[in-house]
Chemist: 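Mind looking over this structure? Questions follow.
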Amino acid sequence: MTDPENVVVRLCVRGMQAETEGRDTRARELFLRAWEAAEDDYAACIAAHYLARHQPTPQETLHWNQECLNRADRVGDGRVRGFYASLHGNMARAHRDLGRIDRARDHFESAAEHIDDVPPGPHRQWLRHRIAAGLRATAPAAPRHHEDLVGDLLIRLCARTDLEALSLLLPPYMGSLGTPEDEERITGALRMLHAERRLPDGEQTARGRAIQARSAV
C-alpha cells in the first residue's frame, strides 16, 4: 500500500489499527468497505487480502484468498510481484485448514519459488520461516532412514537450553526451503558444531549421523 491518499489504503490502515486494538468486528467492517470502494484490481487485491483474515469459516477464508490471488494475476505487473510468496502461503494454509494437503503443498512450493521477490528485511525472513514450516508439515511421509535427524538434534539442544548451538543451527533449519543452497547452510552449521567439539557425546553422535545422512543424498 503505497498511496496514503487512496481511499482503499486509508480504510485498510484504519482496519489494521482496529486489529491491533482487538476490535476484529470493526476491522472486518473497514476491510469490507475497502473492498466495496476498490476501483481496480490492484486495490481489490489489497482489500481481499485483509478481508481473508477476518472470515468465520475456512471455506470463506479460502474464497477471499483466491480472490486476492486472482486479482493479483489480473494486475500482472511489478506492483504485485512481491505479493506472490505471501499470497500462495495464504492459499496453502487455507487448503491445509480444509484438509487438502496436496493442494496446500503445491501452494507452499509456489510460495517458495517467489520468496526472492519479497524485499529483504524482517518480513521476508518471517515469511520464509512460515513457508519452510508449511513445507515440512505437508511433506510426504518419508522412510525411517530419511528421518529428520537435524530436527531430532535440535530437540536435544532445546531440552538442554544450549543457546549457542541453537543460535547456529536453528536459523538455517527454520528457514530452509529445500534448495541446495539452503541445505548447504544447514550442513555448514553442523560442521561448525563439529569443529567446536563442545556437544555432549550423545549429541555429537547425532550431529555426525545428520552430516553422514546429508552427505549420502
Side-chain angles (χ1 to χ4, degrees), residues 53 58 65 81-217:
R53 299 185 346 196
N65 280 320
R81 183 178 177 183
F83 292 2
Y84 279 98
S86 179
L87 299 186
H88 281 289
N90 290 340
M91 287 289 293
R93 286 182 287 277
H95 279 295
R96 188 175 60 185
D97 289 344
L98 289 166
R100 302 169 183 170
I101 302 304
D102 289 344
R103 297 285 299 277
R105 176 77 183 182
D106 289 342
H107 281 288
F108 278 127
E109 290 176 349
S110 295
E113 292 172 2
H114 289 283
I115 191 65
D116 289 339
D117 292 330
V118 181
H123 173 66
R124 182 166 80 176
Q125 191 61 30
W126 174 241
L127 186 56
R128 169 182 279 273
H129 286 176
R130 293 175 69 196
I131 295 168
L135 289 171
R136 288 193 297 272
T138 58
R144 182 62 184 169
H145 64 277
H146 285 151
E147 62 189 320
D148 187 359
L149 297 174
V150 178
D152 291 345
L153 176 57
L154 283 165
I155 290 171
R156 290 171 177 250
L157 296 172
C158 286
R160 200 165 47 78
T161 322
D162 188 336
L163 298 183
E164 289 187 13
L166 285 168
S167 70
L168 180 65
L169 183 57
L170 192 58
Y173 176 85
M174 292 298 294
S176 175
L177 302 179
T179 66
E181 294 81 8
D182 287 346
E183 294 304 298
E184 180 54 36
R185 277 190 278 271
I186 296 174
T187 303
L190 289 167
R191 288 177 177 145
M192 281 188 274
L193 282 176
H194 170 72
E196 288 287 324
R197 295 194 177 277
R198 54 182 296 279
L199 301 180
D201 289 344
E203 292 173 14
Q204 193 73 356
T205 300
R207 179 216 51 78
R209 289 180 60 214
I211 288 183
Q212 288 174 2
R214 299 171 75 79
S215 298
V217 174

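Everything quoted here is computed from the prediction, not taken from an experiment. Here, residue 1 is the first one in the sequence, and each next residue gets the next number.
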Chemist: Considering all heavy atoms of both residues, which atom of Arg130 and which atom of Phe108 are nearest to each other, and what is their separation?
Modeler: O-CE2, 4.3 Å

Chemist: For Ala210 versus Val150, what's the shortest heavy-atom pair and its separation?
Modeler: CB-CG2, 4.1 Å

Chemist: Any chance you could measure Arg136, atom CZ, to Leu177, atom CG, to the nearest 0.5 Å?
Modeler: 9.5 Å

Chemist: State, to 0.1 Å, how close Leu199 and Leu157 come at their nearest heavy-atom pair, and which atoms those are.
Modeler: CD2-CD2, 4.0 Å

Chemist: Any sub-3.5 Å donor-acceptor pair from Arg96's side-chain atoms to Ala104's backbone N or O?
Modeler: no

Chemist: Test of understanding: with ring-ring contact (aromatic ring centres under 6.0 Å, His included), list the residues that count as partners of Tyr84, not counting sequence neighbours.
Modeler: His114

Chemist: Applying the side chain to side chain contact (heavy atoms under 4.5 Å, CB included) criterion to Ser110, which one of His88, Met91, Arg105 satisfies it?
Modeler: His88

Chemist: Calculate, to the nearest 0.5 Å, the distance between atoms CZ and CG belonging to Arg128 and Asp116 respectively.
Modeler: 6.5 Å

Chemist: Could you grab the distance from atom OG of Ser167 to atom CG of Asp162, nearest 0.5 Å is fine?
Modeler: 8.5 Å

Chemist: Identify the two heavy atoms, one from Val118 and one from Gly82, that lie closest to each other, and give their separation to 0.1 Å.
Modeler: CG2-O, 3.7 Å

Chemist: I'd like to know whether CZ of Arg160 has more than 12 heavy-atom contacts from other residues, nucleotides or ligands below 6.0 angstrom.
Modeler: yes

Chemist: Output the distance between atom CG (Asp201) and atom CD (Gln204), rounded to the nearest 0.5 Å.
Modeler: 8.0 Å

Chemist: Would you tabulate the side-chain donor-acceptor contacts of residues 189-197 under 3.5 Å, counting partners in other chains and residues two or more places apart, or write 'none'?
Modeler:
{"unit_1": "Arg191", "atom_1": "NH1", "unit_2": "Glu184", "atom_2": "OE2", "d": "3.4"}
{"unit_1": "His194", "atom_1": "ND1", "unit_2": "Arg207", "atom_2": "NH2", "d": "3.0"}
{"unit_1": "His194", "atom_1": "NE2", "unit_2": "Arg197", "atom_2": "NH2", "d": "3.2"}

Chemist: Which distance, rounded to the nearest 0.5 Å, do you find between the OG1 of Thr138 and the CZ of Arg93?
Modeler: 11.5 Å

Chemist: Under 4.0 Å between a Lys/Arg side-chain N and an Asp/Glu carboxylate O for Glu181 and Arg185?
Modeler: no

Chemist: Heavy atoms only: give me the nearest Leu166-Cys158 pair and the separation to one decimal.
Modeler: CD2-SG, 3.8 Å

Chemist: Are any non-hydrogen side-chain atoms of Ser86 and Leu127 less than 4.5 angstrom apart?
Modeler: yes

Chemist: Any idea which heavy atoms bring Pro172 and Leu168 closest together, and the distance?
Modeler: CD-O, 3.4 Å

Chemist: When rounded to the nearest 0.5 angstrom, what is the spacing between CE in Met174 and CD1 in Ile186?
Modeler: 11.0 Å

